[in-house]
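Note that the structure is predicted; figures quoted are calculated from it, not measured. To find a chain, count down the sequence lines: A is the first, B the second, and so on, and within it residues start at 1.
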There are 2 protein chains.
Amino acid sequence: MPQQRPAARQLDHPGREELRLEAVLHALSDPVRLQVVRALADLDEEVACSAVELPVSKSTSTHHFRVLREAGVIAQCYYGTSKLNGLRRDDLDARFPGLLDAVLAAARSRD
Amino acid sequence: MPQQRPAARQLDHPGREELRLEAVLHALSDPVRLQVVRALADLDEEVACSAVELPVSKSTSTHHFRVLREAGVIAQCYYGTSKLNGLRRDDLDARFPGLLDAVLAAARSRD
DNA sequence: CCCGTACTACGACGCTTATCGTAGGAACGC
DNA sequence: GCGTTCCTACGATAAGCGTCGTAGTACGGG
């Protein structure tokens with residue numbers, strides 16, 4: 001069903017106040033998703049799904065991006081045939097101060 | 001805590017260097033387990049499993065304590081008919097600096 | 001209008017998880 | 001030994017998750 005809007009198709013994101021700690025932790029507890037978050041944090045800009053190399057199939061990749069979005073970890077918006085992904089750093093820092101940085105630091109320290 | 005038991009039953013714990021970020025995040029992503037961790041952090045001493053009130057059955061409770069132990073979040077040791085539980089604060093802080101505090105702060109801020 | 005690119009919805013699969021009840025073991029006090 | 005308390009192993013069940021392939025939609029460019 002086509003929605004009337006000037007911009008591209010929209011995707012549902014939880015608001016800043018709706019972020020749930022358990023959901024965020026669960027989203028971050030998967031190696032593939034953690035890899036996505038690391039990549040987005042390193043790039044520090046919005047990139048397409050395909051810009052992140054993952055060791056899984058395309059459909060699985062889509063699945064993981066959706067989990068991250070629904071948990072409120074990333075923001076996604078359509079742009080042409082692509083979908084841009086960005087870390088919701090501000091929202092995460094506001095609701096769970098220090099959490100994202102601690103996870104990123106821990107994830108990076110293992111290489 | 002007089003741990004001088006005559007070869008009391010021992011439990012397996014991952015060493016500090018064996019802690020895995022994903023496992024810890026997963027362990028903390030369950031509401032019941034998060035409640036346990038909060039309680040242990042608040043009490044700040046080793047307590048028996050039964051000292052933590054949980055909204056689940058005894059067997060389920062045992063299950064969650066085991067998940068936390070195997071992820072390296074808590075330490076457990078038998079003491080008489082009880083099993084004492086303690087947060088592995090030092091190990092967690094050493095491997096994942098700031099993570100536990102961020103999670104605890106976030107968990108507490110929702111009441 | 002057709003084609004390629006990029007993402008997605010769907011269904012399937014095998015595995016893991018959370019939950020419970022029951023039965024039972026280990027330590028302690030008597 | 002006996003009973004109590006506390007925890008645990010086991011089996012069952014239902015739900016969830018990660019993975020994939022296939023088929024499909026949306027967009028932009030010739």
Side-chain angles (χ1 to χ4, degrees), chain A residues 1-13 20 22-37 40 46-71 73-86, chain B residues 1-12 20 22-36 40 46-71 73-86:
Chain A
M1 51 193 61
Q3 295 223 95
Q4 304 285 99
R5 81 266 148 251
R9 294 158 287 163
Q10 289 294 339
L11 291 159
D12 272 351
H13 293 78
R20 287 178 40 246
E22 291 92 338
V24 171
L25 292 175
H26 174 252
L28 297 176
S29 71
D30 181 276
V32 176
R33 291 194 290 264
L34 205 46
Q35 192 175 334
V36 171
V37 171
L40 293 182
E46 300 208 329
V47 297
C49 293
S50 51
V52 183
E53 284 297 317
L54 296 177
V56 294
S57 74
K58 228 66 174 65
S59 14
T60 303
S61 181
T62 296
H63 161 71
H64 286 306
F65 273 98
R66 173 157 45 175
V67 172
L68 286 171
R69 171 173 52 85
E70 291 179 345
V73 177
I74 66 173
Q76 299 186 296
C77 66
Y78 285 104
Y79 189 75
T81 75
S82 295
K83 192 155 77 170
L84 296 186
N85 301 277
Chain B
M1 37 161 189
Q3 59 182 9
Q4 202 54 283
R5 300 272 61 148
R9 292 159 291 163
Q10 288 295 341
L11 292 158
D12 273 351
R20 287 179 41 245
E22 292 91 338
V24 171
L25 292 175
H26 175 252
L28 296 176
S29 71
D30 182 278
V32 175
R33 292 194 289 262
L34 205 47
Q35 192 174 336
V36 171
L40 293 182
E46 299 208 329
V47 297
C49 293
S50 52
V52 183
E53 284 294 321
L54 296 177
V56 294
S57 75
K58 228 65 173 72
S59 15
T60 303
S61 181
T62 296
H63 161 70
H64 286 305
F65 273 98
R66 171 160 44 176
V67 172
L68 285 170
R69 170 173 53 83
E70 291 180 344
V73 177
I74 66 173
Q76 300 186 294
C77 66
Y78 286 102
Y79 187 74
T81 74
S82 295
K83 192 155 78 171
L84 296 186
N85 300 277

Nucleotides 11-21 of chain C: protein proximity per nucleotide (B base, S sugar-phosphate only, - neither; heavy atom, under 4.0 Å)
------SSBBB
Distance in angstrom units between B/Q10 CD and D/dC7 P, rounded
17 Å
In whole angstrom, what separates A/Q35's CD from D/dG18's C1'?
15 Å
Would you indicate whether the side-chain heavy atoms of A/R33 and B/E22 approach each other to under 4.5 Å?
no
Phosphate OP1/OP2 of C/dA9: any A/R66 side-chain N/O under 4.0 Å
yes
Between C1' of D/dA9 and CZ of B/F65, the distance in whole Å:
17 Å
Side-chain donor or acceptor of A/R69 paired with backbone N/O of A/H13 under 3.5 Å:
no
Any donor-acceptor N/O pair, A/N85 side chain to A/Q76 backbone, under 3.5 Å:
no
Distance check needed: D/dG16 P versus A/E22 CD, whole Å only.
16 Å
Take atom CG of B/L11 and atom C1' of D/dC6, then tell me their distance rounded to the nearest Å.
14 Å
Taking the side chain of A/T81 as its heavy atoms from C-beta onward, which of C/dC7, D/dG28, D/dC6 lies nearest to it?
D/dG28
Rounding to an integer number of Å, can you tell me how far A/Y78 OH sits from C/dA9 C1'?
10 Å
So, for B/L84 and B/A48, which heavy atoms are closest and what is the spacing to 0.1 Å?
CD2-N, 3.9 Å
Any chance you could lay out the side chain to side chain contact (heavy atoms under 4.5 Å, CB included) test for A/H64 and A/L54, step after step, and finish with the verdict?
CA-CA 10 Å; A/H64 286 306; A/L54 296 177; 5.6 Å; no
Expected output: side-chain B/E70 to main-chain B/D12 donor-acceptor under 3.5 Å
no
Interatomic distance, A/E70 CD vs D/dG16 P [rounded to whole Å]:
14 Å
Within the structure shown, what part of the strands sits under 4.0 Å from A/T62 by heavy-atom distance: base, sugar-phosphate, or nothing?
base
